[in-house]
Asks: 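Following this message is one structure expressed as structure tokens.
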Amino acid sequence: MNQRTLTAAAIQLGPIPLSAPRNEVLDRLVALLHTAADAGATFVVYPELALTSFFPHWRIDDRNELLQFYETDFPHGSVAPIMRAAAQRAVTFEIGYAEVTPEGQLFNTASLVDGTGELARYRKVHLPGFADEQPEAQHQLLEKGYFGVGNLGFPVTEVQRARVGMAICNDRRWPETYRLLALQGAEIACIGYNTPVATPHLPEIDRLTHFQNHLSMQAGAYQNSMWVIGAAKAGVEEGVDQIGGSAIIAPSGEIVAQAHSVEDEVVVAEIDLDMCTRYRAEVFNFLHHRRPELYGPISAAMDPAWPYPMAR
Ligand code: CDV
């Protein structure tokens with residue numbers, strides 16, 4: 001039988017300074033795409049907000065200053081050099097960036113792009129953090145102030161005979177993300193992330209940051225019979241220490257390839273897409289074993305203690 005395989009790469013990025021000129025960042029991203037293609041990859045995943053620093057770690061009051069971090073004309077202009085390299089090397093890529101719409105709405109976005117243009121777009125749904133500065137915190141997390149909640153659902157697109165879904169960073173910690181993708185038949189979930197080692201209001205979990213990163217993605221992959229490609233922005237970026245751990249994870253839940261540095265690094269693996277089919281037939285056969293008719297509305301099952309009050 002004609003086996004469906006695809007060689008994929010997670011492109012991990014080291015820090016990007018706040019002042020980094022966009023063309024320098026693009027040169028870096030293009031060079032990494034060539035490294036991935038040299039290793040045989042035809043599908044690559046870049047991190048969340050791959051074109052800039054993770055600017056939600058800083059309070060920026062001036063809207064014009066803030067908008068310097070956003071793309072107005074994606075994919076034209078902004079990622080044109082990556083698209084040219086993708087066309088040359090016959091690579092499809094997924095990349096995260098900050099998006100400003102013509103109406104001025106702001107989103108934390110990822111797009112699936114090949115040498116011909118944009119194939120699909122996703123806007124982050126689960127936005128962590130706050131809208132306002134938390135003066136006592138060791139770093140800020142202002143995603144709720146800088147982005148609106150995504151309004152495009154969780155799209156799944158056919159690429160190179162694979163059904164590809166997108167999610168961004170904090171989405172990977174929520175089981176609903178993977179389930180919504182798997183119910184649409186996604187065989188690969190692309191997840192770029194920026195994850196600080198420290199959680200400002202809950203230091204007891206700092207020692208678990210790496211573990212919980214892989215735990216979330218491995219559980220999502222296994223419970224939904226899909227491949228997960230996680231790509232990190234890693235290292236100390238403007239004083240905020242971020243984990244690496246970029247990984248390619250099989251539907252078995254096993255990590256088949258992972259980054260070992262907190263710098264620019266390309267992680268490559270061959271993906272057997274039919275592994276999803278085998279697991280969906282024999283282990284997690286949704287049609288035969290899932291019982292959504294018994295689950296009822298999730299809101300009806302909620303513990304009345306919600307929302308658990310935050311300590312500030
Ligand atoms: N960019 C993110 O969404 N980061 C979150 C951190 C802040 C917890 C994450 O889930 O990794």
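Numbering starts at 1 and runs along the sequence shown. Start at 1 and go down the list; that is how both ligands and their atoms are numbered.
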Asks: Among Asn170, Asp171, Thr177, which residue meets the side chain to side chain donor-acceptor pair (under 3.5 Å) test with Trp174?
Replies: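 It is Asn170, the one option of Asn170, Asp171, Thr177 that forms the side chain to side chain donor-acceptor pair (under 3.5 Å) with Trp174.
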Asks: Is a salt bridge present between Arg22 and Glu71, judged by a nitrogen-to-oxygen distance below 4.0 Å?
Replies: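 Answer for the salt bridge query: yes.
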Asks: Number the atoms of ligand 1 from 1 as they appear, then name those within less than 4.0 Å of a heavy atom of Arg172, with their elements.
Replies: 9 (C), 10 (O), 11 (O)
Asks: Please state whether the rings of His57 and Phe54 are parallel, tilted or perpendicular, taking 30° and 60° as the class boundaries.
Replies: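 Tilted.
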Asks: Closer than 3.5 angstrom, by distance alone: can the side chain of Gln218 be matched with the main-chain N or O of Ser216 as a donor-acceptor pair?
Replies: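 Looks like no, no N/O pair under 3.5 Å.
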Asks: Which of the numbered atoms in ligand 1 are under 4.0 angstrom from any heavy atom belonging to Arg173?
Replies: 9 (C), 10 (O), 11 (O)
Asks: According to the interplanar angle, ranging from 0 to 90°, do the rings of Phe55 and Phe69 count as parallel (below 30°), tilted (30 to 60°) or perpendicular (above 60°)?
Replies: parallel
Asks: Run down the list Asn108, Ile168, Asn170 and name the one with the heavy atom closest to atom 8 (C) of ligand 1.
Replies: Asn170
Asks: I'd like to check which ligand 1 atoms, numbered from 1 as shown, lie under 4.0 Å from a non-hydrogen atom of Lys124.
Replies: 1 (N), 2 (C), 3 (O)
Asks: Please could you name the atoms of ligand 1 that Pro128 approaches to less than 4.0 Å, counting only its heavy atoms?
Replies: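 By the 4.0 Å cutoff, the relevant atoms are 2 (C), 3 (O).
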Asks: Just jot down the ligand 1 atoms closer than 4.0 angstrom to any heavy atom of Cys169, in number order.
Replies: 1 (N), 2 (C), 3 (O), 4 (N), 5 (C), 9 (C), 11 (O)
Asks: Can you list the atoms of ligand 1 that are under 4.0 Å from a heavy atom of Leu141?
Replies: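 So the atoms of ligand 1 that pass are 7 (C).
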Asks: Side-chain donor-acceptor pair under 3.5 Å between Ser246 and Glu265, yes or no?
Replies: no
Asks: Under 4.0 Å from a heavy atom of Phe54: give me the atoms of ligand 1 that qualify, with their elements.
Replies: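 Counting from 1, the qualifying ligand atoms are 1 (N).
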Asks: Considering Asn213, Thr209, Asn194, Thr195 one by one, which has a heavy atom nearer to atom 4 (N) of ligand 1 than any of the others?
Replies: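 The residue whose heavy atom sits nearest atom 4 (N) of ligand 1 is Asn194.
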Asks: Would His126 count as a contact of ligand 1 if the rule is a heavy atom under 4.0 Å away?
Replies: no
Asks: Return the residue, atom name and 0.1 Å-rounded distance of the protein heavy atom closest to atom 6 (C) of ligand 1.
Replies: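 Of the protein heavy atoms, Pro196 CD, 4.2 Å lies nearest.
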Asks: Quick one: sort the Tyr70 and Phe147 rings into parallel, tilted or perpendicular, breaks at 30° and 60°.
Replies: tilted
Asks: List every atom of ligand 1 that sits less than 4.0 Å from any heavy atom of Glu48, numbering the atoms from 1 in the order shown and giving each element.
Replies: 1 (N)
Asks: Under 3.5 Å, is there a donor-acceptor pair between the Glu238 and Ser53 side chains?
Replies: no
